Protein chains: 2
Amino acid sequence: MKPKSVKQPRDLGDLIRTLRHAKQLDQATAAGLAGVGTRFLGELENGKPTVQLGLVFQVLHRLGLEIWIAPRAWRPEDE
Amino acid sequence: MKPKSVKQPRDLGDLIRTLRHAKQLDQATAAGLAGVGTRFLGELENGKPTVQLGLVFQVLHRLGLEIWIAPRAWRPEDE
DNA sequence: CGCTATTCTTCCCGATCGGGAAGATTCAGG
DNA sequence: CCTGAATCTTCCCGATCGGGAAGAATAGCG
């Protein structure tokens, strides 16, 4: 998987769901692995904007993902 | 500014505060620009894990930053 | 078309968010 | 010391979060 820019909660949710499917996990299993409730994971995947930041970090981390912050114009090819 | 990996809310807060200082803005002004309350911005900068994701996206966007998600092993030089 | 797996919705409920404003605290100068 | 700027804390309070579980609604597949 290559780095992907996420501009809103919805983009992040799509990305997480896609990766979860790639790993062939259902929400209940993935939520268990990530240490969050199934309802939370579903809401996150659906782009709910009010989910808590800390839990989002937790989910991403356990899915093997990392967050990078870059100037808006930046692209992976730039460096 | 070069891309930076953030592994937890605290890292994100530090990054935002550093950038705000670089722009010579105080919290009240920056919060106004970002469209959030001053208390929220302070909490975000201090790494509060329960802040809402949507507001975080909003702040980053208005500060000219963008979020990228990448596999944990990935480095900017990789691509 | 029918069945099962997966996801979404709803409930209960304690706990907390976030805006806004005022008061407290910190810290660098003069 | 005293002052002023910047940040943090506290308060009020309506609104909502998130866990867990059960039932409803979909989706996918033969």
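In what follows, chains carry the letters A, B, and so on, assigned in the order in which the sequence lines appear, proteins first and then strands, with residues in each chain numbered from 1. Being a predicted model, the structure only gives us computed values, none of them experimental.
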Base, sugar-phosphate, or nothing: which does E45(A) touch, judged by heavy atoms less than 4.0 Å apart?
->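 E45(A): no heavy atom of the nucleic acid under 4.0 Å.
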Could you tell me the separation between the [atom1] atom of [X] and the [atom2] atom of [N], rounded to a whole number of Å?
X	N	atom1	atom2	result
K23(B)	dA6(D)	NZ	C1'	19 Å
L25(B)	dA6(D)	CG	C1'	13 Å
E43(B)	dT16(C)	CD	C1'	10 Å
Q52(B)	dA15(D)	CD	P	14 Å
N46(B)	dT9(D)	CG	P	7 Å
F40(A)	dC17(D)	CZ	P	11 Å
D14(B)	dT7(D)	CG	P	14 Å
Q24(A)	dT6(C)	CD	P	11 Å

Whether [X] contacts [N] is assessed here as follows: a side-chain N or O lying under 4.0 Å from the phosphate OP1 or OP2. Is that the case?
X	N	answer
K48(A)	dC17(D)	yes
R17(B)	dC8(D)	yes
T50(B)	dC17(C)	yes
H21(B)	dT7(D)	yes
R20(B)	dA6(D)	no

To the side chain of [X], which of [options] is closest?
X	options	value
Q27(B)	dT7(D), dC17(D), dG19(D)	dT7(D)
V36(B)	dT7(C), dG19(C), dC17(D)	dG19(C)
D26(A)	dC8(C), dT7(C), dG19(C)	dT7(C)

Can you check whether A34(A)'s main-chain N or O pairs, donor with acceptor, with Q58(A)'s side chain at less than 3.5 Å?
->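 Present.
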Heavy-atom side-chain contact between [X] and [Y] under 4.5 Å:
X	Y	result
E66(A)	K7(B)	yes
P9(B)	L53(A)	yes
W68(A)	I69(B)	no

Can Q27(A) and R17(A) be said to form a side chain to side chain contact (heavy atoms under 4.5 Å, CB included), step by step?
-> CA-CA 9 Å; Q27(A) 290 188 334; R17(A) 172 163 289 167; 3.3 Å; yes
